[in-house]
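Since the structure is predicted, the reported quantities are computational estimates derived from the model, not experimental observations. Both backbone and side-chain heavy atoms feed into the values below; hydrogens, waters and symmetry mates do not.
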Amino acid sequence: MASRRQDIFEQRKQKLERLRALGINPYPNRFERTHSARQAVKLLETMEANAASGEQKAVVRVAGRIMAMRKMGRAAFFDLRDGSGKIQVLFQTHGFSEAQIRLFDDIDIGDVIGVEGSLMRTRTGEPTVAVGSFVLLSKALQPLPEKWHGLTDTDTRYRQRYIDLIANVEVRDIFVLRSRIITAVRQFLNDRGFLEVETPVLQPSAGGALAAPFITHHNALDRDFYLRIALELHLKRLIVGGFDKVYEIGRIFRNEGISTTHSPEFTMLESYEAYADYTDVMRMLEEMVSWVSQTVLGTTRIKYAEHEVDLKPPWQRMTLRDAVKEYSGIDFVKYPTAASLKEKMQSMNIAFDPDQNWAKLVDELLKTFVKPRLIQPTIVYDYPVSMSPLAKSKPNEERVTERFQAYVAGSIELANAYSELNDPIEQRLRFEEQMRERHGDDPEQWTIDEDFLTALEYGMPPTGGLGVGIDRLVMLLTNQQSIREVILFPQLREKEG
RNA sequence: GGGCCGUUAGCUCAGCUGGUAGAGCAGGGGACUUUUAAUCCUCAGGUCGCAGGUUCGAAUCCUGCACGGCUCACCA
């Protein structure tokens with residue numbers, strides 16, 4: 001009779017009241033399952049394999065949400081789905097009590113029910129539970145999206161992810177994979193003797209990167225705090241403290257633009273290993289990523305967008321200088337100032353922002369010319385010091401740091417890593433330089449993590465550090481082109497009204 | 001923040017150069033005891049994102065706004 005959401009809601013509430021009047025609780029506390037949908041199907045297959053042992057009937061109790069109903073007079077097939085999968089159930093109402101028939105008549109698609117019955121196969125071969133009795137476990141008052149097309153409206157999919165998960169199995173699969181990927185990363189690091197730690201999200205100053213922070217206020221202390229923009233500075237304190245191998249997988253917050261590869265809150269892995277340098281980290285990264293892929297997907301050969309990628313080590317390695325030279329034709333070492341580099345770029349008709357400093361220009365070249373060409377996983381290493389304030393310089397090459405980034409599939413920045421700068425004097429100079437560039441000459445405007453510098457003054461062993469964007473790793477391994485597809489509840493603007 | 005595209009029934013979508021809104025699924029009623037996008041008959045369902053404007057007349061044209069998508073910028 002009804003079609004508008006409110007009418008459907010009212011109609012279903014009436015069904016609810018009818019059931020209550022019959023003494024049926026539409027939201028009972030418990031239903032004891034003997035099998036998940038998948039287990040029930042497995043059991044049937046096992047029984048069939050052992051059919052020689054004679055006739056046997058297995059009675060199971062399964063539960064799930066009704067995804068489809070095919071009613072045919074006194075018989076009906078429902079598709080039931082639980083967390084494990086789907087199973088068909090067959091109702092033959094001739095043996096049912098009056099109350100069960102009344103309940104059957106008021107059941108809707110979307111309701112959660114529990115059934116007890118024997119396992120069988122229909123004449124078309126579909127594994128089926130022939131229902132002996134059933135109970136309502138939860139009445140759905142809202143209608144489900146269309147069964148064939150599911151839910152495609154991205155707005156609704158992100159805002160009401162639960163509907164997306166009900167309607168679109170592929171979406172569910174992505175998040176199952178995400179969980180497995182993170183579990184595998186943990187296992188890899190734990191197996192190598194890394195200690196998982198937790199460091200503060202609320203910080204008096206947000207360091208370790210240059211991104212704009214979110215600011216919040218602590219009432220009792222009456223002061224502002226920043227949500228962390230990196231894990232780096234606290235993990236290094238722990239290296240100073242004597243933990244030789246630490247890592248954290250944690251949420252990072254950056255108050256910046258949102259895009260298909262940027263989310264204001266995202267998940268970062270950072271690991272630090274004492275007595276290692278960036279070449280050790282390179283090997284660990286490629287082994288970790290390929291192992292995780294092998295463990296979770298059963299292969300290191302994956303598809304991403306139009307690309308075929310093999311994550312198997314060893315990955316291609318190129319210095320930043322060679323990479324930029326090869327793909328853009330510019331040897332930036334020959335243009336050591338912003339002015340000379342701009343002149344060169346101008347002569348080649350390469351667009352750039354006139355306000356950009358030298359490091360930004362090089363980064364621009366990397367992003368525009370190099371990154372799109374790196375389809376197979378590639379480690380680009382040895383960055384200019386001005387691009388890498390927390391990385392250690394190469395011996396005898398003051399302007400170059402032991403830093404690398406890993407790129408793959410023409411678009412994904414998988415990792416950023418370096419031999420960590422552990423000279424406290426040099427670190428202070430780099431911070432000051434950075435602050436001067438960003439906030440001008442007035443030290444009052446600067447925020448420098450003094451305690452971190454103090455920690456370095458106690459002596460940090462030579463250390464190799466690694467940062468991996470977990471969301472991007474998940475995008476890579478699940479072949480998703482938008483970061484929102486791998487974050488369960490992505491940040492959206494509030495809808496008015 | 002800029003550009004482009006989108007927003008029509010609960011869901012998925014039609015709706016032409018302006019003439020006052022349609023389908024499928026879902027829903028109500030009916031038929032049907034092995035279907036699986038079940039089938040058949042039937043009924044109902046709309047602030048066409050919001051607000052203005054042009055026009056005799058606007059889902060349709062124009063402007064503004066909201067939200068979303070893509071993209072550019074920003075983001076070491």
Side-chain angles (χ1 to χ4, degrees), chain A residues 1-12 14-15 67-79 86-95 105 108-110 120-128 130 140-159 163-164 166-168 208-213 229-230 254-264 266 351 353 355-364 366-367 383-391 401 403 405 413 416 418 430 434 437-438 467 481-482 484 490 492-497:
Chain A
M1 187 71 89
S3 162
R4 275 175 300 136
R5 163 164 267 134
Q6 193 56 36
D7 292 345
I8 294 173
F9 187 79
E10 290 303 329
Q11 192 179 63
R12 292 200 174 191
Q14 282 168 21
K15 290 181 178 178
M67 298 305 294
M69 296 199 302
R70 294 176 291 280
K71 287 190 172 180
M72 285 156 296
R74 304 258 58 85
F77 293 96
F78 291 6
D79 290 337
K86 194 190 88 171
I87 190 162
Q88 178 172 268
V89 298
L90 166 61
F91 291 82
Q92 286 170 302
T93 56
H94 60 278
D105 287 340
D108 285 299
I109 290 177
M120 56 165 285
R121 232 174 244 280
T122 61
R123 66 174 62 139
T124 54
E126 181 80 16
T128 301
L141 301 179
Q142 300 282 1
L144 251 40
E146 204 229 9
K147 62 184 169 192
W148 192 240
H149 301 92
L151 179 69
T152 62
D153 180 61
T154 47
D155 197 22
T156 311
R157 287 187 49 231
Y158 297 156
R159 282 181 208 279
I163 309 178
D164 192 25
I166 291 170
N168 301 314
L210 269 187
I229 57 173
R254 294 187 180 177
N255 203 342
E256 279 161 6
I258 300 177
S259 77
T260 46
T261 48
H262 296 81
S263 169
F266 62 100
D353 177 346
D355 295 336
Q356 280 179 329
N357 61 30
W358 186 84
K360 283 273 180 69
L361 292 169
V362 173
D363 200 41
E364 193 64 38
L366 171 65
K367 230 190 285 184
Y383 281 57
V385 65
S386 54
M387 295 173 77
S388 320
L390 292 153
T401 57
R403 173 186 178 192
Q405 288 190 292
E413 274 175 55
N416 184 19
Y418 14 90
R430 299 247 201 118
Q434 194 179 60
E437 189 159 297
R438 194 150 174 113
Q481 273 78 63
S482 168
R484 293 183 194 91
L492 297 179
R493 239 179 257 261
E494 218 174 318
K495 280 221 165 163
E496 48 173 26

Of the nucleotides [options], which has the atom closest to the [X] side chain?
| X | options | value |
| --- | --- | --- |
| P145(A) | U34(B), G27(B), C11(B) | C11(B) |
| R12(A) | G27(B), G68(B), G45(B) | G27(B) |
| Q11(A) | U35(B), G28(B), C75(B) | G28(B) |
| L151(A) | U12(B), G10(B), A76(B) | U12(B) |
| T154(A) | A26(B), A76(B), G68(B) | G68(B) |
| A211(A) | G27(B), C67(B), A76(B) | A76(B) |

When rounded to the nearest 0.5 angstrom, what is the spacing between [atom1] in [X] and [atom2] in [Y]?
| X | Y | atom1 | atom2 | answer |
| --- | --- | --- | --- | --- |
| E256(A) | I229(A) | CD | CD1 | 8.0 Å |
| D155(A) | L492(A) | CG | CG | 6.5 Å |
| F9(A) | R4(A) | CZ | CZ | 14.5 Å |

Heavy-atom donor-acceptor pair, [X] side-chain to [N] base, under 3.5 Å:
| X | N | result |
| --- | --- | --- |
| T152(A) | U12(B) | no |
| Q88(A) | U35(B) | yes |
| R74(A) | U33(B) | no |
| H149(A) | C11(B) | no |

Checking the side chain of [X] only, and the main-chain atoms of [Y] only, is there a donor and an acceptor separated by less than 3.5 Å?
| X | Y | value |
| --- | --- | --- |
| R430(A) | A391(A) | yes |
| T93(A) | R74(A) | yes |
| S386(A) | P384(A) | no |
| D164(A) | Y158(A) | no |
| T128(A) | A130(A) | no |

So what does [X] touch, heavy atoms closer than 4.0 Å: a base, only the sugar-phosphate, or nothing?
| X | result |
| --- | --- |
| R159(A) | sugar-phosphate |
| R121(A) | nothing |
| K360(A) | sugar-phosphate |
| D153(A) | sugar-phosphate |
| E10(A) | nothing |
| A212(A) | nothing |
| E146(A) | base |
| M67(A) | nothing |
| R254(A) | nothing |
| Y158(A) | sugar-phosphate |
| R484(A) | sugar-phosphate |
| Q142(A) | nothing |
| T260(A) | sugar-phosphate |
| L144(A) | nothing |

Euclidean distance for [atom1], [N] against [M] (whole angstrom):
| N | M | atom1 | result |
| --- | --- | --- | --- |
| G15(B) | A58(B) | C1' | 14 Å |
| G28(B) | G69(B) | P | 34 Å |
| G10(B) | A26(B) | P | 16 Å |
| U47(B) | U42(B) | P | 27 Å |
| G68(B) | U60(B) | P | 23 Å |
| C4(B) | C48(B) | P | 26 Å |
| C74(B) | G2(B) | C1' | 12 Å |
| U35(B) | C40(B) | C1' | 15 Å |

Please state how far atom [atom1] in [X] lies from atom [atom2] in [N], giving the value in whole angstrom units.
| X | N | atom1 | atom2 | value |
| --- | --- | --- | --- | --- |
| I163(A) | C11(B) | CD1 | P | 8 Å |
| D155(A) | A66(B) | CG | P | 15 Å |
| I258(A) | A73(B) | CD1 | P | 17 Å |
| Q481(A) | U71(B) | CD | C1' | 15 Å |
| F9(A) | A9(B) | CZ | C1' | 19 Å |
| E364(A) | A73(B) | CD | P | 7 Å |
| D7(A) | G27(B) | CG | P | 15 Å |
| L492(A) | A66(B) | CG | C1' | 14 Å |

Any-strand Watson-Crick or G-U partner of [N], both distances under 3.5 Å:
| N | result |
| --- | --- |
| G24(B) | C11(B) |
| U39(B) | A31(B) |
| G6(B) | C67(B) |
| G45(B) | none |
| A59(B) | none |
| A76(B) | none |

Phosphate OP1/OP2 of [N] contacted by [X] side-chain N/O (<4.0 Å):
| X | N | value |
| --- | --- | --- |
| Q356(A) | C74(B) | yes |
| K15(A) | G27(B) | no |
| K147(A) | A38(B) | yes |
| R493(A) | A66(B) | no |

**Message:** Both S482(A) and H262(A) contact RNA chain B. Which one's nearest nucleotide lies toward the 5' end?
**Reply:** S482(A)

**Request:** May I have the step-by-step check of side-chain contact (heavy atoms from CB on, under 4.5 Å) for Q481(A) and T260(A), ending in yes or no?
**Result:** CA-CA 7 Å; Q481(A) 273 78 63; T260(A) 46; over 6 Å; no

**Message:** With salt bridge (charged side-chain N to carboxylate O under 4.0 Å, His left out) as the criterion, how do D79(A) and R70(A) come out once you've worked through the C-alpha distance, each side chain's angles and the decisive distance to 0.1 Å?
**Reply:** CA-CA 9 Å; D79(A) 290 337; R70(A) 294 176 291 280; 3.0 Å; yes

